[in-house]
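Since the structure comes first, as structure tokens, the remarks are kept for the end.
Chain letters run A, B, ... following the sequence lines, proteins first and then strands; every chain starts at 1.
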Amino acid sequence: MKYYLYSLFKNAAANLEYLKDINITFEVPKIGSHGDLSSNAAMLLTKKLKRKPREIAEEIITKLEIDPKIIEKVEIAGPGFINFFFTKSFITEITKDVLALTDNYGKSNKYAGKRANVEFVSANPTGPLTVGHGRNAVFGDTLANMLEWIGYSVDREYYFNNAGRQMRVLGDSVRLRYFELLGQNVEFPQDYYQGEYIKDIAKSLLDEHGNKLLNEPAEGAFKEKAESEIFKDIKKSLGRLGIIHKTFFNENSLYEEGKIREVLDAFKEKNLSYEKEGAVWLKLTELGNEQDKVIVKSTGEPTYRLPDIAYHTNKFKRGYDLMIDIFGSDHNATYPDVLAGLKALGYDSEKVKVLIHQFVTIMEGGEVVKMSTRKANYITLDELVDEVGSDVVRYFFNMRDISTHMNFDLAVAKKQSDENPVFYLQYAHARICSVLKMIEKEELKASTENLDLLVTNEEQQLLRKIHTFREEVLVSAELHESHRICSYLEELAAAFHKFYTFCRILGTEKKLAEARVALAMATKIVLKNGLSILGVTAPERM
RNA sequence: GCGCCAAUAGCUCAAUUGGAUAGAGCACCUGACUUCGGAUCAGGCGGUUAAGAGUUCGAGUCUCUUUUGGCGCACCA
């Protein structure tokens with residue numbers, strides 16, 4: 001629908017110069033009586049032209065070459081909106097497109113040929129993934145799906161660090177548990193990793209090596225075993241949600257390949273770093289940030305900023321047009337430094353988008369559960385998937401804008417599972433499948449011969465919803481907001497259920513019945529496609 | 001103290017990014033098929049969009065102040 005209007009206005013702009021000065025947009029009005037699409041162009045021009053908006057709207061309309069087969073009515077309303085009413089036959093035509101394109105209906109090629117990298121999860125291998133990681137994981141994967149739907153070629157990436165203090169503590173935690181298993185009396189420090197999984201790792205080391213590891217340093221076999229076991233579990237947890245990363249990028253490789261050194265030299269060369277008190281500082285104040293920050297400690301170890309910058313230069317060199325980083329809100333203070341550093345090195349930091357999601361507050365029985373991997377008082381992503389299943393987890397985390405703080409009451413999530421909107425959508429899909437089976441028995445088929453018969457309010461509303469799917473996917477992907485897909489699908493399912501209640505298929509005249517079958521099939525396709533973007537299944541039976 | 005994010009119906013959240021009468025679900029109250037799945041549908045109740053000021057044709061949305069909450073504020077990552 002929009003594409004038609006865009007071309008109309010483009011042609012009109014040849015006669016009306018001022019139309020070229022503004023960004024023409026069309027919106028679906030909230031109220032049905034305001035038409036199918038609406039433009040506020042006249043109001044935007046009021047100031048510039050110093051004329052009344054309704055008068056301008058009047059003039060614009062006279063210049064539009066409207067095809068009466070497509071547009072039934074154009075009117076000026078309110079302060080100066082131009083409302084367009086499409087003909088019913090134009091609305092019903094979409095059914096043909098959907099049935100022809102099936103799994104591809106909703107895809108667009110606006111970004112075809114572009115490459116994107118989505119970095120998400122990126123938890124260091126110190127323990128199982130928590131519910132908090134779940135939001136990051138699900139959102140990242142869904143965003144990657146959405147980008148693919150608008151034409152991007154997308155790589156999913158996981159960045160991790162297996163060096164440093166936290167990994168030493170991890171290795172030593174395993175070592176101490178190993179000693180315990182050998183019957184030694186050890187004191188287990190409070191700030192070590194308390195989780196049961198540490199004991200499991202120690203146990204498997206004992207099974208493999210007996211007591212031969214008594215003199216092994218914490219950073220040797222203990223750390224290595226811990227890392228490999230934990231990573232195995234992390235990949236398994238992600239796999240249960242259908243998430244597979246193409247690349248696991250090890251921070252350490254940046255050191256081994258001298259990339260850290262390169263970045264450091266580049267800063268020095270551009271005179272953007274200086275030494276003070278034995279450390280190397282980056283002149284962030286000259287780059288517009290609040291204060292200078294240390295990039296190499298006086299001990300000679302870099303801070304996180306340096307590898308992060310080096311990591312992103314690596315991404316740039318791999319030729320991505322869009323690089324997305326997904327972080328929890330605890331990282332909110334770090335990325336401006338990294339972006340400023342990249343910009344200073346001559347990279348187009350606009351290509352890097354940092355998306356910060358707010359934390360998930362876990363409630364259990366009305367009480368807030370504090371989360372810490374170290375203290376082991378967290379709820380794992382696996383436990384959550386065990387309780388409610390992958391579909392609900394994926395839908396739940398996608399349902400809401402990532403910038404909102406989210407309350408996740410475990411008791412409610414478990415108990416209320418059949419009140420979750422995901423079942424509403426899946427039910428609509430299963431219902432259609434069931435109807436289609438019935439149709440076969442009655443020797444009816446889908447037909448697009450007589451779509452003009454679909455004139456009731458319920459049919460038209462459903463068709464309109466189907467019309468906007470492609471646009472909705474495009475906008476959601478561009479805004480990086482997966483919750484819009486959820487809202488869309490809930491509205492689509494509602495429109496279908498309403499259609500289903502008011503427009504019967506069996507027992508109606510054959511031509512109309514077959515047109516309705518076609519509409520039901522089209523709805524099924526859109527539902528399934530939308531759910532697949534979210535990574536949620538579309539079952540034929542429930 | 002400083003920075004980032006937020007505050008919308010009793011609860012959980014939307015609102016086409018500045019548009020027309022702020023919408024859904026849950027909860028509560030009424031109703032609806034003797035053939036396609038009632039996990040559904042129709043209707044009702046419920047709002048000073050935290051408070052105050054400003055910007056303009058027009059503000060939940062932008063700006064400022066205040067209040068409340070989350071997350072940060074290391075030569076940790």
At less than 3.5 Å, do the side-chain atoms of [X] and the base atoms of [N] form a donor-acceptor pair?
X	N	value
Thr501(A)	A42(B)	no
Glu301(A)	C75(B)	no
Asp330(A)	G72(B)	no

[X] side chain: which of [options] is closest?
X	options	value
Asn83(A)	C75(B), U17(B), A20(B)	A20(B)
Gln358(A)	G70(B), A20(B), C75(B)	G70(B)
Phe81(A)	G37(B), U16(B), G19(B)	G19(B)
Pro79(A)	C57(B), C75(B), C36(B)	C57(B)
Met43(A)	U17(B), G19(B), A15(B)	G19(B)

Please indicate yes or no: is the ring centre of His331(A) less than 5.5 Å from the centre of the six-membered base ring of G72(B), with the two planes inclined by under 30 degrees?
-> no
For Tyr427(A) and G37(B), is the gap between ring centres under 5.5 Å while the planes differ by less than 30°?
-> no
Base, sugar-phosphate alone, or nothing: which one does Lys52(A) contact when heavy atoms must sit under 4.0 Å apart?
-> nothing
Kindly confirm or rule out a cation-pi arrangement of Arg400(A) over Phe396(A), judged by NZ or CZ under 6.0 Å from the six-membered ring centre and within 45° of its axis?
-> yes
Phe26(A) ring centre to Lys2(A) NZ or CZ under 6.0 Å, with the angle to the axis within 45°?
-> no
Separation of the [atom1] atoms in [N] and [M], to the nearest angstrom:
N	M	atom1	result
G47(B)	A39(B)	P	32 Å
U56(B)	U67(B)	P	28 Å
A51(B)	A59(B)	P	16 Å

Spacing between [X] atom [atom1] and [N] atom [atom2], to the nearest angstrom:
X	N	atom1	atom2	value
Phe496(A)	C41(B)	CZ	C1'	12 Å
His429(A)	U40(B)	NE2	C1'	17 Å
Lys510(A)	C36(B)	NZ	P	22 Å

RNA chain B: 5'-proximal contact among Ser298(A) and Arg504(A) (nearest heavy atom) | Arg504(A)
Is Lys437(A) salt-bridged to Glu440(A), cutoff N-O under 4.0 Å?
-> no
Is a side-chain donor or acceptor of Arg394(A) paired with a backbone partner of Leu534(A) at a separation under 3.5 angstrom?
-> yes
Short question: side chain of Lys315(A), backbone of Met323(A) - any donor-acceptor pair under 3.5 Å?
-> no
